[in-house]
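Atoms within each ligand, like the ligands themselves, are counted from 1 in listed order.
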Amino acid sequence: MTPSAATLDVARIRADFPILRIRPRGRPLHYLDSAATSQKPQSVIDALTRYYEEENGNIHRGVHYLSELATQRYDETREATRRFINATSHNEVVFTRNTTEGINLVASSFGQAFVRPGDEIVVSQMEHHSNIVPWQLMAERTGAVLRAVPVTDVGELDLDAYEQLLGPKTKLVALTWVSNSLGTVNPVERITAIAHARGIPVLLDGAQAAPHIPIDVKAIKADFVAFSGHKMLGPTGVGVLYARDDWFDRLPPYQGGGDMIETVTIEKTTYAKAPSKFEAGTPDIGSVAAFRAAIEYLERVGLDAIHAHEQLLLAEATARVSALPGVRLIGTAPEKAGVLSFTMDGVHPHDIATILDQNGVAIRAGHHCTQPLMARFGCGATARASFYLYNTMDDIAALMTGLEKVREVFG
Ligand SMILES: Cc1ncc(COP(=O)(O)O)c(C=O)c1O
């Protein structure tokens with residue numbers, strides 16, 4: 001056990017998550033679906049409740065007590081987010097609804113400003129649909145073309161192919177940091193350096209990175225990073241789009257409305273500076289306020305310790321699941337986050353998930369919004385167990401008991 005892993009007091013952590021005490025169908029809950037959405041600690045639930053009980057007002061527009069307090073809470077989370085990702089300024093942090101909205105924002109605004117017919121956007125075969133479809137929509141509007149970095153048999157990006165895909169027509173690289181289906185952690189500093197050497201900006205889909213890996217945007221030098229609060233202990237309805245330096249000044253607004261303007265006449269509008277320029281309308285203020293509690297919780301526990309703990313769980317689960325007859329692991333890269341995707345001969349992943357659910361074990365089955373990746377591995381779907389700071393070896397034991405049942409039923 002690594003020293004940092006030893007410091008993670010999982011029993012104490014679990015006590016902070018009230019939902020882990022529910023008993024679905026009279027059995028203990030074994031929640032192995034945090035890649036879809038994480039559970040929330042009491043401090044986040046309390047922050048959300050407190051917001052609506054004591055702090056609710058609309059931001060930026062009022063001089064009264066509640067409006068000022070709500071504005072303060074909103075701004076405090078922006079500063080906490082800046083600190084969490086080591087951004088230079090809180091003006092580099094725009095709140096969105098989720099990762100998907102952040103990527104759509106860049107695809108739309110960047111496309112309008114910089115992309116012309118015949119230009120190319122580089123994605124990969126392992127992208128979540130959220131990092132494919134927005135670029136396709138943009139390509140339809142601009143006449144651009146998508147190119148995809150292939151994925152190797154173990155589930156890594158083929159970096160030689162990546163380099164070869166980059167050329168004078170490449171306008172942007174948009175890649176995932178951590179694959180939600182494979183668990184692969186991509187070498188983002190290298191990816192960014194390769195693109196930047198050719199003057200090409202990089203967007204990273206950080207949806208599966210932010211909950212598990214310390215993010216230092218200054219070190220990785222990515223131009224854009226998008227992630228979701230709900231996968232990192234926060235409430236639904238809040239996401240983050242980070243953009244480096246002056247990118248937000250150079251991009252046109254994504255949506256128009258209140259809060260994003262400087263002056264409006266019927267003839268013409270001038271826009272507010274970022275981040276307001278990209279936050280049209282009333283945001284999900286309560287969720288943003290509570291998101292700060294999620295960030296502080298992760299900072300208290302420490303992402304290094306969380307990562308080390310997940311690696312122990314992943315190693316145990318990988319060894320035990322792969323020893324079962326007829327199991328094929330999808331995603332065996334050396335650098336992986338806590339995601340275990342697999343298939344079992346003769347059993348549909350939905351049947352695996354259904355039988356596990358009867359034993360209180362929550363996993364996910366399906367294409368995980370990565371259909372091109374499923375096609376690459378020749379399977380329509382996988383069963384996926386994903387781990388987080390509150391999971392234990394008990395959860396893995398329950399997973400194994402459930403998988404034995406699957407084998408009995410389908411054996
Ligand atoms: C890698 C990755 N990208 C993007 C998303 C989309 O996240 P959201 O639905 O929160 O926008 C997910 C969600 O599972 C994901 O895993």
Trainee: Nearest to atom 7 (O) of ligand 1 by heavy atom, Ser181, Gly239, Ser228: which?
Mentor: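 Checking each option, the heavy atom nearest atom 7 (O) of ligand 1 is found in Ser228.
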Trainee: So, 4.0 Å and heavy atoms of Asn131: is ligand 1 close enough to count as a contact?
Mentor: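 Heavy atoms of Asn131 never come under 4.0 Å of ligand 1.
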Trainee: Determine, using ring centers only, whether His212 and Tyr388 are less than 6.0 Å apart.
Mentor: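 For Tyr388 and His212, the ring centres are under 6.0 Å apart.
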Trainee: Would you say the side-chain atoms of Ser228 and Thr99 include a donor-acceptor pair closer than 3.5 Å?
Mentor: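 Yes.
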Trainee: With a 6.0 Å cut-off (strictly less than), is the heavy-atom count around CD of Glu335, excluding the residue itself, greater than 12?
Mentor: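 Not buried by this count: 12 neighbours or fewer within 6.0 Å.
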Trainee: Is it true that, when you exclude Arg198 itself, more than 12 heavy atoms of the residues, nucleotides or ligands shown sit nearer than 6.0 Å to its CZ?
Mentor: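 Yes, CZ of Arg198 has more than 12 neighbouring heavy atoms, counting only those of other groups under 6.0 Å.
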Trainee: Between Ser124 and Glu127, do the side chains contain an N or O donor and an N or O acceptor separated by less than 3.5 Å?
Mentor: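 On atom types as modelled, these side chains qualify, holding a pair under 3.5 Å.
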Trainee: Looking only at side-chain N and O atoms, does Asn56 offer a donor or acceptor that is under 3.5 Å from a partner on Tyr51?
Mentor: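 The answer is yes; a qualifying pair exists.
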Trainee: State the atoms of ligand 1, each with its element, that fall below the 4.0 Å cut-off from a heavy-atom position in Ala207.
Mentor: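 What qualifies from ligand 1 is 2 (C), 3 (N), 4 (C), 5 (C), 12 (C), 15 (C).
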Trainee: Which residue supplies the protein heavy atom nearest to atom 9 (O) of ligand 1, what is that atom called, and how far is it?
Mentor: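 For atom 9 (O) of ligand 1, the nearest protein heavy atom comes out as Thr100 OG1, 3.7 Å.
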Trainee: If you measure from each non-hydrogen atom of His230 to ligand 1, which part falls under 4.0 Å: side chain, backbone, both or neither?
Mentor: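 It is the side chain that gets close, since no backbone atom is under 4.0 Å.
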Trainee: List every atom of ligand 1 that sits less than 4.0 Å from any heavy atom of Thr176, numbering the atoms from 1 in the order shown and giving each element.
Mentor: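 Close to Thr176: 1 (C).
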Trainee: Is the shortest N/O to N/O distance between Ser130 and ligand 1 below 3.5 Å?
Mentor: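 N/O-N/O distance below 3.5 Å does not exist for this pair.
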Trainee: Could you check whether Asp75 pairs with Arg292 (Lys NZ or Arg NE/NH1/NH2 to Asp/Glu carboxylate O, under 4.0 Å)?
Mentor: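 The answer is no: the pair does not qualify as a salt bridge.
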Trainee: Where's the contact between Asp205 and ligand 1, heavy-atom distance under 4.0 Å: side chain, backbone, both or neither?
Mentor: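 For Asp205, only side-chain atoms sit under 4.0 Å from ligand 1.
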Trainee: Considering only non-hydrogen protein atoms, determine which one is nearest to atom 13 (C) of ligand 1 and report residue, atom name and distance to 0.1 Å.
Mentor: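 Answer, as residue, atom name and distance: Lys231 NZ, 2.7 Å.
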Trainee: Distance under 4.0 Å to a non-hydrogen atom of Asn180: what atoms of ligand 1 satisfy this?
Mentor: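 Going through ligand 1 atom by atom, the ones under 4.0 Å from Asn180 are 1 (C), 16 (O).
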Trainee: If you take the nearest heavy atom of each of Gln208, His128, His368, which one is closest to atom 5 (C) of ligand 1?
Mentor: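 Answer by nearest heavy atom: His128.
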Trainee: Which bit of Thr99 is near ligand 1, meaning a heavy atom under 4.0 Å away: side chain, backbone, both or neither?
Mentor: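 Thr99 to ligand 1: contacts from backbone and side chain alike.
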Trainee: Please determine if Glu296 and Arg300 form a salt bridge, counting it only when a charged side-chain N lies under 4.0 Å from a carboxylate O.
Mentor: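 Result for this pair is no, no salt bridge flagged.
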